[in-house]
2 protein chains.
Amino acid sequence: MKKYLKALQNCSLFRGIAEESLFTMLTCLGARVESFDKKYTVFAEGSPARYIGIVLSGSVQIVQIDYYGNRSILSHMKESDVFAEAFACAEMTSLPISVVANEPSEIMLIECSHILHTCSNSCGFHQQLIFNMMKDLASKTILFHQKIEVVSQRTTRDKIMTYLSQEAKKRGCNSFDIPYDRQALADYLEIDRSGLSAEIGKLKKEGIIESHKNHFELL
Amino acid sequence: MKKYLKALQNCSLFRGIAEESLFTMLTCLGARVESFDKKYTVFAEGSPARYIGIVLSGSVQIVQIDYYGNRSILSHMKESDVFAEAFACAEMTSLPISVVANEPSEIMLIECSHILHTCSNSCGFHQQLIFNMMKDLASKTILFHQKIEVVSQRTTRDKIMTYLSQEAKKRGCNSFDIPYDRQALADYLEIDRSGLSAEIGKLKKEGIIESHKNHFELL
DNA sequence: GAAAATCTGTTGAATTTTCAACAAACGGAG
DNA sequence: CTCCGTTTGTTGAAAATTCAACAGATTTTC
């Protein structure tokens, strides 16, 4: 467990919890760790929303496959990120999304009811955990807000530029890598892949952006 | 204040708080009530995100105006709904959205820091309030999820049908009113108003839906 | 109750996106 | 290093959306 210390300390859910308390608490919560190879499913759409997930290593994508089989990527979760917590906290009976490993990943799973409801040992962490969960959900809401801002744009070009501007702002730098390949970016922006490639080409030609593979730079 | 009792009791933020405690607590929190006429701004984009709002009567819309002046409607908040809480809880310095009264409305405003941080009187409600806020934010996240599911659809028709199906499911009934006129629905679905009108006409002609003004029925 | 303002449905043209197909570039496995 | 599967960029045709304009219907205001 020690090797996960850094990932866990950076996790918003455990802010303000001392290192020496952390592992006792995780035992009390019944946390366990599972490994997933690339493309393997962590949570499947339709399964009960009992667990929250925390990325200990690697990364996962939150995806939704619609009626026609089109993939939509909702977000990308990297080390220390929490996922599926909204559905678990709202006690939904079934997950409306799937979670898929984007590379070989280690995931911590915690049954959400153990976090929300005071355990029999009445250990003193629950108030802090609930406060942290509240903070985490607030930033998750803001994250989705930004995703809505992107997909609200009417044109391919505006979607791309809105997304890239958000990323640049988040990192405080006009030059950055994105965690998506072309198809995944298209699925995140909810546009056609070939149209995306074409538009990126135009933006480069017009000197608005520079890009090589998944590295982008705003000019 | 008494006349707001019903709206406040139905508010997710005050679940599990007894009637007799409610008004003492609101005083302790420094809650105040303001009235807004139709189309008046409750919160303006860019202003500090210190307050959360609760709709006591009437309704408001959460809107975002983009670079080109296009209005995007994020959601519709009716009696007992809480709004702007995610931004306040995340302690954002400035609001990325505006809140506009949709009809003459009475709004309760509470400074979010009063909810999140224990007050000097150390009254015993904070734990319950924080738990309720967590629950509220979880359902807000799910709400945005649904909005993303709608706007992720590629065609006008699929956006309309996804939205109407969601509404029908929420109400448990295939026949219902929506809180939007045509232009507002277009701004919520992120599509062209005239295209929306045309597509609704087709759906009616094909016998898939029935509609009159803002009343809809799935067949 | 009449006039003014707003909302809705309809049209056709212009623009944009999607779709399908292909070839070049790339990356990993052996 | 070579082969093979995957990713990316490009193209043109088909389909869908947006835009602008207008007229009829509805609602609001005085």
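Both backbone and side-chain heavy atoms feed into the values below; hydrogens, waters and symmetry mates do not. Convention: sequence-line order gives letters A, B, ...; per-chain numbering from 1.
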**Asked** With a 4.0 Å cut-off on heavy atoms, is Ser197(A) in touch with a base, just the backbone sugar-phosphate, or nothing at all?
**Response** base
In whole angstroms, the gap separating P of dG9(D) from NZ of Lys202(A) amounts to 14 Å
In whole angstroms, the gap separating P of dT18(D) from CG of Asp158(A) amounts to 12 Å
Nearest-nucleotide check on DNA chain D, Ser211(A) vs Ile191(B); residue mapping nearer the 5' end is Ser211(A)
From the candidates dT8(D), dT17(D), dG27(C), the one with an atom nearest any side-chain atom of Lys213(A) is dG27(C)
Quick note, Ser194(A) side chain, CB onward, closest among dT8(D), dC19(C), dT8(C) is dC19(C)
Q. Do we get Arg32(A) above Tyr51(A)'s six-membered ring, with its NZ or CZ under 6.0 Å from the centre and within 45° of the axis?
A. yes
Open item on the list: Is the distance from the ring center of His145(B) to that of Phe144(A) below 6.0 Å?
Closed with: yes
Rounded to the nearest 0.5 angstrom, the NE2-CG distance for His114(A) and Leu116(A) is 11.0 Å
Comparing Glu199(A) with Gly201(B), nearest DNA chain C nucleotide closer to 5' gives the residue Gly201(B)
Whole-Å distance, Leu203(B) CG to dG9(C) C1', equals 15 Å
Contacts of His212(B) and Arg182(A) projected onto DNA chain D by closest heavy atom; the upstream (5') one is Arg182(A)
Sorted by position of nearest nucleotide on DNA chain C, 5' first, the leading residue of Asp192(A) and Arg193(B) is Arg193(B)
Separation of dG5(D) atom C1' from Asp181(A) atom CG, nearest Å, is 14 Å
Atom CZ of Phe216(A) and atom C1' of dT8(D) are separated, to the nearest Å, by 12 Å
One should read off an interatomic distance between Asp81(B) CG and His76(B) NE2, to the nearest 0.5 angstrom, of 8.0 Å
Between CD of Gln183(B) and P of dA20(D) the distance, given in whole Å, is 13 Å
Rounded to whole Å, NZ of Lys38(B) lies from C1' of dA5(C) at a distance of 12 Å
Taken to the nearest whole Å, CG/Leu185(A) to C1'/dG9(D) is 15 Å
Winner on side-chain proximity to Thr155(A), out of dG9(D), dT17(C), dT18(D), is dT17(C)
Requested in this report: Mark yes or no: Arg71(B) above the aromatic ring of Tyr188(B), with NZ or CZ under 6.0 Å from the six-membered ring centre and no more than 45 degrees from the axis.
Outcome: no
